[in-house]
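The basis for the numbers below is simple: all heavy atoms, side chains too, and nothing from hydrogens, waters or symmetry mates. Note that ligands are numbered from 1 as they come in the structure, with each ligand's atoms numbered from 1 the same way.
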Amino acid sequence: MTELADFHIHPNYSVDATGTIRQYCDRALEIDIKHICFTTHYDLNPKRLDKDAFWRINGQKVPVTDELVSCYFEEIERVREYFSPFGLHIFRGLEFDYYDGVDREVERVRNLFPIDFVIGSVHCLDDIAISEKNEAPTYFNRKSVEQMADDYIALLIKASQVSGFDCLAHLDYYVRYGREYYGDAIDHIELERFDEAFAAFIKHNKGIEINSSPFRYGLRTFHPKPEIIERAIKAGVNIVSVGSDSHKPSQLGGGVSEAYKFLEGLGVTPSFLK
Ligand SMILES: [Zn+2]
Ligand SMILES: [Zn+2]
């Protein structure tokens, strides 16, 4: 059987996460996940610096600086050496929110640090975080479900053009907080709408992540939902990785084996570790 990998993990450098890098590694050994990648949020959208551009170190919320990012990668390096004899493979990553101009920052950061894996995500529409419970209503209240889908897919297409992204995360993340505003209509966004995005992904050699975070809310689905994953695969889109999007160690690996089983049923293995 394929060894499981969880490639979407937020340790306590992210202000919305708890659990040290070491605690995540201990947990990985406990639940027999052999490959993990830390993907701390790195969000420097110039229009949202006051909201997003912070990490936590020693319990303090502080602005992200290169020095801090350097500490993060050094800590991963130390822990990586410690856990290597136990058969745990630790990868170094970041999750970037998409905004116009992010490609230059991705390139700058990739040149500065030893990074294995960069996730590109669309969290914000009109520079409002639809991934945040408190902010999402500001956006959803002013847009129809069709306008939202148009905005979202347009940004996915732009994100696919960022050469430093190794994969695009949680394609239908708008479902999480959007359901409350759009009701069941959110389940009926036409799948055809994604086809243009898939064509762009292929053109720009960009694959997607299967994000298993819904499992920790008791939902047996993924981001994106299975119908979108199947449509993407049929269109020729590469499946790069599986990730739990953990924000604490107890969430590590949640839904990951289910995602692997689902992909196995489709004859697909995530490509990043192939
Ligand atoms: Zn994300
Ligand atoms: Zn994440």
Are any of the side-chain nitrogens in Glu75 or Arg22 under 4.0 Å away from the carboxylate oxygens of its partner? no

Please list, chain by chain and in numerical order, all residues satisfying ring pair (Phe, Tyr, Trp, His ring centres under 6.0 Å) with His223, sequence neighbours excluded. Tyr173

Is there side-chain contact between Tyr174 and Val122, with at least one heavy-atom pair below 4.5 Å? no

Atoms of type N/O/S from protein, distance to the Zn ion (ligand 2) below 2.8 Å: 4

Flag side-chain contact, heavy atom, 4.5 Å: Glu95 against His10: yes

Do the numbers put Arg231 on top of the ring of Phe194, so that NZ or CZ is under 6.0 Å from the six-membered ring centre and no more than 45° off the axis? no

Tyr72 side chain to Thr40 side chain, donor-acceptor N/O pair below 3.5 angstrom: yes

